[in-house]
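Below is one structure, written out as structure tokens; comments come after it.
Within every chain, numbering begins at 1; the chains are lettered A, B, ... in the order of the sequence lines, protein sequences first and strands thereafter. All figures in this text were calculated on a predicted structure; none of them were measured in a lab.
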Amino acid sequence: MIDIKGILGPLSALKFLGKAPHTIDYPKETKKTADRYRGIHYNDVEACIGCGSCGTICENDAIDMVNVGFDPNKADTGFRPVVDYGRCCWCALCVDVCPSGSLSLTKDYVYVDDDPKKFLYVPGLQELGKVNIDSTDDLKELAKIEKENRPKLKEGERSWYQKDRTEGLLEFNRVPMKELPGSTRIKSFAEVVLGYTEEEAFMESIRCLGCGLCISACPDRMHIPDYIQAITERDYNSSANIIYENNPLPEMCGKVCTRQCETACVYHNRGDAVAIRWLKRFTTEQFDDFRTIINAEVKPLNGKKVGIIGAGPAGLTVGYYLRLRGYDVTIYEALSKAGGMTMAGIPKYRFPLDSLDKQISYMEEMGVRIHYNTRVGKDIMFDEIMDTYDAVFIGIGFHDPYDLGLKGEKEAKSGVISAVELLRRVNFGEKVDVGKKVAVIGGGNVAIDGARVSKRLGNVDVTILYRRRVQDMPADWEEIEGAEDEGVHIVPQAIPEEIMLDKNGKVTGIKYVMAEMVDDGKGGRPRPKKIEGSEKILPIDTLVGAIGQQADYSFLPDEYLFKTQDDEKSGSKKGIDTFWGRILVHGYNETTMKKVFSGGDMVNRTADAISAIADGLNAVKGIDLFLQGGKETKVNHSVTESDLDKNKLLDKHYKMKHENGKLVSVKLDLSGNIVTESVKIAKDPDELKKDVEKKEVNKSTDKANSKDKTMSYPTKNTNGETKKEEKKSKSKKKSKKKKKKK
Amino acid sequence: MSTDSMYRLLVTIAVILGSIIYGFFINSLARRITARVQNRMGPPLKQPFIDVIKLYSKRTFVTHGIMQTLGPILMLTGIISTLILIPYGKGYLTLYSSNGDLITILYIMTFGQLAMALAVGQAGNPYGTIGVARGLTRMFGYELPLILALISLIALNHSADVNVIIANQHGGIANWNAFRHPFVGITALLAMLGMMSYQPFDNASAPAEVASGPITEFGGKFMAIMMTTNAMFVVAKLALLVDLFFGGASNIFILALKIFLLYLYPLFVGLVFPRFAMEDTFLFFWKWPTLIGFIGLAIAIF
Amino acid sequence: MDDLKRPTLDSDFTCDMAFNKITKWAQKNSLWLLAYGTGCGAIELSPTMTSRYDWSRLGIRGSATPRQADLLLITGYLSTKTLKRVIRSYEQMQDPKYVIGFGSCTINGGMYYDSYNTIKQLDLYIPVDVYINGCMPRPEAVLSGLAYLKDKIGDKKADGWIKYKQNFEWYRENQKKILKSFNGDNMPDKYNW
Amino acid sequence: MGFSKLTETKVLLKQYFKDIISIEEGGEQRLIIDLQSKDITSMINHLKDFMDFKHLSMISCVDWPEENKFEIVYILTSYSKNIVLMLKTKIDRKNPKLQSIMSLWPQAVTYEIELNEMFGVFFEGNDRMGEEFILEDWDDIPPMRRDFDSLEYANKNFKFRDERKDKKIIREFISEHYDEWRKK
């Protein structure tokens, strides 16, 4: 039969005729995009650190890291991601893996153009399709866009981004290191840190993104991502080998390094840096004996002899790597154990004796000869060393403490001890009696070490007196916390005035004044200012001073020391030049005296073990070049400006300037005003003048190539300005056109 | 040339142009209505005109032989001949219709389609051939009830002259053939569904099955001619049906209105019913419409 | 022949493109596109053409055969096997004709950049007038792309087909590199479809 | 209650084919059978004719270059028993040959020519063997073999846009600029 319903039923569809259609009349009206829509990229170029993680994770090879004109520095490579929209498929993995959280996706997804080149896009620097990227010059052009002109995200446009540290794919918390509790650790010198287990080390190592930013911060340029990668693969053998490539004291570094690398780590800004130091420590702890696993190739002796003064990290590094290169090395060490300050100055609860022994015995095994208890200048003369060896390396370090300069210090017969001496004596097993109450003056690591060591010498009450606030202390934060855990009192903003003595010259107390922090008025850090009438007296048995150390150059005969102008005029042979207590060195750590190289604390200002090792390695290169006498080996023995720039001595306190063709060293105060000037002449003035002129010519050409280090915002010369204006007007025109189209 | 034939010629040209414009107009209305039923906005009313202008402006002229080129032109000739044989009203609007012309119209109407079939054959596109085969089969299907209905009409009016049939319908809606002879009317209306080639009987040009059927190989200017022809053809067919079954029209506006209203019927049917398969199409026409047609014929004769 | 030196347009020919205003307007407002879903992007066409976005508003409709089409949409990745068919379809389309590259894959390979079987840059083989970026582009992007193309036609800049004619040998060379049996039965030396 | 159909099939198959390497349940209503390549045709014959496995779902292949083997996988379904069977067999990678089953299921031809194209497995008795399926004018090793490097092939045969020449890999850049101790 006829299906009436089947025939009439469909007619009900005609009811839509009277209804409003639900078509969206795009572009007149638009539909709301979902909150988490993944559209086109936006990058906060100021927050981006150029680590390249986005490019590494991209499955489609869509992200390039390109220099768009940002300055590279320690924690920023200066590169920024450029997205190829001919590749991107908006999976947003790049956003999820961005450690700085700068990359995000917007709700904008309409990207239409007729030129396929325009789909290369620098997020955060460029408006969609505005710039054709043909070459690097175009990208440099982008960088010139001033901050205000950069595209900004409007409210609510950002859709896919890491709202907090828990979003995304990254783990911002490091695996915590297990430590002895404070009450247990003050009872002995047992090591505080317990080290990672294999699983913990693995979990920590997989956090590493492998970008290598840390390398740029490490003075020694250790191959950090590589050895962490080896730990991830559980290949500890190759991990140790990678570490030993340029660090002969890895276990020491694994325990006490100042780890500048971790401050450059990509995680540092938003979370905990990868525990690079602990991972290195983990690797080195896996082996009882390095001999069996390090497959270093020792070249046969080549007949050249190198003498090294001081078996500190710098000296040992030079000794080890020169021995590997086939030199006959001899190290003279004044103390009965090698290791320098790491041996004598680091308390054993941080750096146990046996781990140092392990490394040094391995070195001696490789053929490094060390003469212990041999003080140069006393047991052996410097002249003799100079005569015997083809090259000499001086790495004596800073062992002489500064005087406190307090009233009563000279008169005190007992009870005043420097932290360095205290540590040395404790480390060498001597019994030290500090009484029941100890005050430590200073805020550096040495001061904290002194305090914590004192705490372990029995039931001792330890107080640290520091002129500034706790947050101004130069010591590691971890160390300060550790000290507090162990019951060390810290009295900040206390300026010591006078040491109180009894009639036998024994210390009974210390008088100090409280201080308030006042602004120095020049934008520098606040200065402490005494508060009148706030004197207090702290009764103590021992005063430990830890306000700094200096080098002892008494072993150097006078003729080897540089005599400034007189020397220059008389033309007598040049000696080792020192500058503010430090030896002045050039590119390869060579001193102003031929065949003498130097490194370590008395050369660099950072004064830590890893810098000493870096100095040592640099000197190894220098000595090798010097002794092999190759073409590029010409070691320059005159001070020029560029040399001094490289010189580790110079930091912001010191600037060099030219005056009448002479190179003048200028000491500046914190705000950049000239405080003192001293003339340092290295070449005869005429020659220097030529040099300077040449340099200036070079500089100007360099500037023209915009290769100077400073951020190259539009240059002030007229050509540049007009060009920029042209660009601006062009872009304005373009935007107008676009509007018209709409 | 006499003034009479002058007027006749002018009216003829006006009818041809008017049918083109009106054809496109109802086509675009149909597209709007379709869109609204499908819950969307649809193209602007001028869209068919834009399309046809664009197609005429196409620069390439691909032809596979003389017959392919002639086909659309013959089709155009056929449809113009059909147009001028249909009366659109009184006076000059009756154009060239005379005694016995219903049979002529029926003959000439198929002429265009046969020319088309030849052209498609030369183009050599398999989809085109299939489309033509389907189209002719469908024609074969709906012609039987249609002719039954027309024979009944001729029998009832004792004349094959369309003008006579129109005249016989004077005197109100009740006198219209569609209502006075309901069986004949129903037969004709059902056959008309096939004639208009909308869904559910559009399998000749079914896009998803046979590309676009006969016109697959025709692009650019051919396509433009075909679109124009189609517009005229729709008007011609509807005008004829209006004349035969819905009382004709005293003036051109009433005719236009009636054509449009009649056009809505296959359109609405097409909107809601899905496409029939070929054999179902054929069965459909030879089943109910034919049966009703025979009843109508029987009533008409006896 | 240098592959990467992309063809440019002979400027004299553009004048020939200038029809009168009415035809330009008609060409701009009536775009019939070849319903040819070569890649995954075809899925985005459904919302664009049905009632949500309804591209017939803009005078766009699908056409079943290349003969009637003005616009070829390459929706996403194009495999080497399909390329042959696409070239053939493009050749069958009647001038003036336009091509839209649709999705990232047509620009520089997209997520198929390491695939052995898809072409990476569409404009080496057929001239592309507009690229719509996305993986896949949403209907708004598709409509924007179509609007962009309309503007281009209006500005007489949609000259891909002229470029193709003028640089036919260049395109042929590129096509031959991918389609190894180019001179076989499917690809006669002179296109005569 | 007797045995479930799965156990029953398992037992029957074990009785019938003594040479089965292993037979195990791979989930609900799913059996995975490991076979020697010489038994595969007779097994499938038996399954189709006597055990009501009438449906061939697919034929697939896995490349094991480490073992120098191809693993061919047949998936059969029985609707009456509601069991999915996975027959696996390993054949030599150097001379990959297997009997065609096109006489049992005509649609197997398509799977077989695809495997021939993508892996280079030859099915004897398939008269359409060697026909082009997806790849036209292919002149390299079959692309689904694991020793085929897709990216390398793409770089060789296709052109990428050359605007991306300034690309830098951060790790390499750092090595270049900072790390003078890198062993090169």
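Electrostatic pairing of D/Arg93 and D/Asp147 counts as a salt bridge here, judged by a charged N lying under 4.0 Å from a carboxylate O.
Side chain of A/Tyr321 to main chain of A/Asn247: a donor-acceptor pair is present (N/O by atom type, distance under 3.5 Å, no hydrogens or angles).
Interface check for chain D: of the options A/Pro225, A/Gly52, A/Gly210, the most heavy-atom pairs under 4.5 Å are formed by A/Pro225.
Within a 6.0 Å sphere centred on CD of A/Glu59, heavy atoms belonging to other residues, nucleotides or ligands number 12 at most.
Only the backbone of A/Cys51 comes within contact range of chain D, with heavy atoms under 4.5 Å apart. Contacts between A/Ile242 and chain D at a heavy-atom distance below 4.5 Å are absent for every atom of the residue.
Side-chain N/O atoms of A/Thr232 and A/Ser205 include a donor and acceptor closer than 3.5 Å.
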